[in-house]
Colleague: 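First the structure, then my questions, so here it is.
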Amino acid sequence: MLPFPILLASAVLAGPAQQPSQGPPVARFNGLVVNSQTHQPLRRAAIMIDESGKQWTTYSDRDGRFTFLNLEPGDGTLTVHRDGYTDRTYKIASSDFNKQTGFSAELDPQGLITGRVVDGTGQPLQGTVIEALRPSAQGSNLEAAASTETNDVGEFRLASLDPGTFRVRATYREGRTSEFDPTPLTVGTAWLGGPDTPTSVEVKSGSAIGEIDFVLNPVRPVTIRGTLHTDRGMLRERATLWIQGQAGEGGHNDSAEKGNFEVSDVFPGTWTVSAQTLSETSPLFGVTTVSVRNFDVDGVDILLRPVPILEGELAIEGAVPAGLALGPVYFNASNRVNSISFHMARPDRDRKFSTPLVSGEYTLAFDASITGLGIKEVTLDGKPVTDWTLRISDAPETKKLLIVLKGAQEKGGQQR
Amino acid sequence: MRGLFVFALLTVAPVGAQPAVAFKVHVVDSLSGAPIGGANVTLSRDNGGGTWGRTDVTGVFAGQAEPTGACILFVARKGYRTTGGGPLGHAVELRPEGQNDFTVNMLPLGVLTGRILDQYGDPLRNAIVRTEDKLSTPEGDAFQSSSTAVTDDRGEYRISEVEPGKHFIAVEYSSSRTERGLGVRQSTRWPQTGGLLLYPNAKDISQAYEVEVTAGTVTRLRDVRLTIGPAVIISGHIQPSPSEQGQQLSLTRTDNLALNSMPTVQGGRSEADGSFKLSALPGKYVLAASDPKTGKTSRPLPIELADEDVTGLTIDLNVEYRISGRISLEGDERLDFSKLTLNFGGQPVKLDVNGAFQSDLFQPKGRYLLRELPAGWYVKSLDVAGKRISGHLFLIEPGISDVTLTLSPQAAKVSVLAIKGDSGLTAAIVLLLPDAGADPDVESALVAEADGSGTFTIPGVPPGAYRVFALDTSGWVFAMRPDLLLEKYRQDAPLIEVKERERRELTTRTLKLKPE
């Protein structure tokens with residue numbers, strides 16, 4: 001059967017919300033949704049009241065007004081959603097119900113970026129993908145907040161942007177539209193401001209930024225070829241390759257046999273290419289940066305070195321609960337440099353573990369069996385780890401991670 | 001064969017050791033005569049490899065290639081389609097001496113623009129606007145869409161590359177599709193809202209207008225108001241309660257539109273007590289239920305969803321469309337039935353040692369597919385409830401229907417030597433299409449792929465009349481549209497009549513494609 005976690009409102013948009021299936025119908029809640037800048041009413045906005053997981057939904061009418069009937073008054077949240085506006089959540093209390101004066105919800109209009117994309121001869125490039133990117137929640141990799149495509153006259157309107165600072169990228173692909181299309185693939189891609197001095201666009205609520213124009217000259221993708229070495233010479237083992245661009249784009253796997261690799265369909269830009277051997281306990285890893293223009297790149301050599309080992313221990317200060325079995329510790333790479341961005345280390349009976357970790361920044365997370373005991377402190381090589389962020393240097397020495405738990409007597413430590 | 005062929009076309013190699021000759025391709029707007037810059041030009045040799053480039057602002061691409069004679073010239077430019085030549089390009093001959101100037105005409109396609117508003121007159125963003133073109137299939141009318149656009153923040157759309165002619169226009173919006181399409185990760189899960197109409201304001205295709213699109217022009221349509229409403233609930237009870245296996249409910253849109261954001265069919269399962277609940281956007285649907293275990297199904301229930309939930313439905317599983325069949329062999333020769341694969345649109349049926357089988361269709365329409373038939377055998381006849389059926393598609397009445405497939409080891413064998421035609425290209429594929437008067441059975445097309453010797457052999461040919469088509473790489477995709485081949489080229493293909501056990505050999509030229 002289909003899941004129905006949400007109790008649907010009446011089937012008429014802007015009609016009063018129906019009562020939930022349980023509980024005595026005793027209260028009403030009405031209000032108005034407006035644009036925060038113009039104070040004009042917002043029609044067809046969705047409004048949801050959530051009281052500890054019990055939800056009611058309705059929609060604003062042609063005057064921007066909404067009414068919930070037959071609710072159970074209580075503390076909760078009211079969230080408003082409308083295309084073209086930033087979602088907003090308000091805390092509500094029992095006292096907000098059954099009021100003569102309606103609740104007023106104000107939504108901030110989102111921003112807009114517009115522009116045009118042409119080729120070197122000035123002809124519009126239809127179907128160019130325009131992305132607004134910003135740093136991801138973790139790490140400095142960029143992620144697309146919104147994207148759109150240019151129309152037949154090369155114009156785009158990138159809407160639905162919440163306020164923030166964005167980098168803008170245009171990517172045009174042509175050829176290989178189907179298995180019958182003999183036209184070879186060509187790609188043109190550019191960052192606003194160019195590759196050397198990329199510029200950011202600051203989008204404010206309700207702002208419209210125009211003339212974000214691009215000139216793209218699509219070219220054939222190229223091939224990167226190279227070799228993998230260790231301090232002892234050519235790598236003999238199999239290795240996985242990972243290639244990705246500055247914004248995390250194009251990340252994909254490939255493999256290298258007997259120390260030689262070849263990655264095809266690479267577009268102009270700056271790429272990070274990494275290689276890692278397949279050993280789970282003592283892999284070798286190397287990384288390099290390759291700048292690609294319009295020609296194949298040969299002779300890329302990557303030196304692989306042993307991945308630093310992190311030895312961990314979960315120490316319990318208080319009493320050790322009977323039958324305690326601790327679950328894994330998780331390491332989430334902030335900046336992805338290889339095909340594995342998420343590592344898991346499972347403690348043994350002595351609550352110790354060992355895992356190879358490529359140098360970089362990781363966010364720590366723990367199984368509930370660990371957080372349930374309360375984490376008192378975490379240290380790396382004797383130095384405190386703050387914000388659950390672990391920085392692993394590229395020094396070859398083994399690192400020591402100590403996680404001190406409070407144990408059964410002292411619950412209520414840090415939660416993670 | 002197919003994979004190899006495509007690989008050969010895509011391998012665009014640099015000019016080889018032979019002395020290269022120069023060629024020029026002029027790409028021209030077929031209406032205005034103006035040059036078309038930025039067009040992709042690919043000159044592929046018959047044996048793979050080729051040269052690629054783009055036309056300059058004067059519409060010319062000047063390249064060099066080996067003088068191998070026959071080549072395929074493929075030109076592509078957004079907003080245009082080529083006129084003349086085959087679906088995969090123009091067959092041209094590259095001469096070692098003299099001028100190698102080729103002109104390719106391209107037809108500018110149309111553009112449709114307009115604005116979508118919601119019920120309050122506010123612009124509706126992220127609505128999908130698409131052309132819908134009726135397509136007749138053996139199983140009834142369906143629609144296909146070749147051009148589509150999404151509205152922007154002003155509710156404006158531009159559908160480009162619209163084929164000149166008449167089109168229906170569908171406008172649809174689905175909030176869940178929009179969230180998926182934009183990659184929006186919302187912490188709140190909002191109920192689905194949406195709407196669908198056919199231009200200008202029709203609920204179904206019978207009330208819709210077709211709009212006329214002219215080559216090379218931009219046509220602005222009237223503003224469309226699309227009422228957006230929440231999905232409504234369809235609930236009720238199936239009796240008797242279906243078993244726990246498989247899908248039991250299907251909700252199908254009445255108009256078989258080429259929508260891609262709202263599924264034309266929603267599936268679902270009932271609870272153990274037979275109760276069910278589905279959610280769907282307003283529109284016209286057909287609801288049906290079935291029980292895979294008992295083979296029982298319901299009569300299709302038409303439902304029109306507006307703005308009210310539809311509750312308290314009772315769906316009776318009181319119909320069955322069951323086949324009790326067997327495979328009958330003509331003559332004394334035996335077959336190992338376990339090596340045959342027979343299905344009626346679902347899983348293969350189980351054939352016992354005598355060739356008997358049972359199958360539940362769950363609907364009146366059936367279509368058989370028999371594979372792994374040994375060389376020399378063919379399906380001589382199909383009898384359904386005592387009636388002889390032509391083709392693969394049949395209808396049955398509720399209840400149990402007898403189906404007999406009669407196989408014969410007396411198939412004919414046809415060998416076709418395909419010689420180069422005017423294009424200079426060798427054949428890539430040979431098709432035998434049954435030529436049975438005004439209503440040919442294109443589903444029974446027989447295909448042979450190149451074996452390298454130039455001869456194409458088809459061993460299991462049922463007796464009858466056939467048109468023989470030898471297609472080179474520029475017309476190869478016609479193999480997937482035998483109906484079009486027969487419509488356009490019937491008179492250009494030799495007609496043969498073969499008898500049981502006959503061994504027929506013939507020579508034919510590769511089909512010359514006509515300009516469109």
Colleague: Just checking, is any N or O donor in the side chain of A:Q126 or B:R158 under 3.5 Å from an acceptor N or O on the other one?
Modeller: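 Distance-only check fails for A:Q126 and B:R158.
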
Colleague: Under 4.5 Å between any side-chain heavy atoms of B:Q119 and A:R43, yes or no?
Modeller: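 They are not in contact (no side-chain heavy atoms under 4.5 Å apart), so the answer is no.
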
Colleague: Please look at A:L112 and chain B and tell me whether the side chain, the backbone, both or neither of the residue comes under 4.5 angstrom of a heavy atom of that chain.
Modeller: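 Contact with chain B involves the side chain of A:L112 alone.
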
Colleague: Can you tell if the side chain of A:P124 reaches within under 4.5 Å of the side chain of B:K78, non-hydrogen atoms only?
Modeller: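 They are not in contact (no side-chain heavy atoms under 4.5 Å apart), so the answer is no.
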
Colleague: I need the B:W52 CH2 to A:T183 OG1 distance, nearest 0.5 Å.
Modeller: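 Rounded to the nearest 0.5 Å, the CH2-OG1 separation comes out at 9.0 Å.
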
Colleague: Give the minimum heavy-atom separation between B:R54 and A:P218, together with the two atoms involved.
Modeller: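 Minimum heavy-atom contact is NH1-O, 3.2 Å.
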
Colleague: Can you name the nearest heavy-atom pair linking A:S60 to B:Y120, along with the distance?
Modeller: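 Shortest heavy-atom contact: O-OH, 4.0 Å.
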
Colleague: Can you name the closest pair of heavy atoms from B:R125 and A:A159 and give their distance?
Modeller: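 Nearest heavy atoms, B:R125 then A:A159: NH1-CB, 3.5 Å.
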
Colleague: Between chain B and each of A:I47, A:T121, A:D119, count heavy-atom pairs under 4.5 Å; write down the option with the most.
Modeller: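 Ranked by contacts with chain B, first place is A:I47.
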
Colleague: With a 4.5 Å cut-off on side-chain heavy atoms, are A:Y59 and B:T193 touching?
Modeller: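 Yes, close enough: below the 4.5 Å cut-off.
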
Colleague: Quick one: does B:Y157's side chain get under 4.5 Å of A:N151's, heavy atoms only?
Modeller: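 Contact flag for B:Y157/A:N151 side chains = no.
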
Colleague: Does any backbone or side-chain atom of A:E174 lie under 4.5 Å from a heavy atom of chain B? Answer side chain, backbone, both or neither.
Modeller: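 It is the side chain, since no backbone atom gets that close.
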
Colleague: For chain A, find which of B:D152, B:V41, B:V111, B:D118 contributes the most heavy-atom pairs closer than 4.5 angstrom.
Modeller: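 Most heavy-atom pairs within the cutoff with chain A belong to B:D118.
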
Colleague: Show the nearest heavy-atom pair for residues B:P123 and A:R44, with the distance to one decimal.
Modeller: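 Reported closest heavy-atom pair: O-NH2, 4.3 Å.
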
Colleague: Give me the atom names and distance for the closest heavy-atom approach of A:D83 to B:Y173.
Modeller: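 What the structure gives for the nearest pair is OD2-OH, 3.3 Å.
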
Colleague: Just how far is it from atom OG1 of A:T186 to atom CG of B:N40, taken to the nearest 0.5 Å?
Modeller: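 CG of B:N40 is found 5.5 Å from OG1 of A:T186.
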
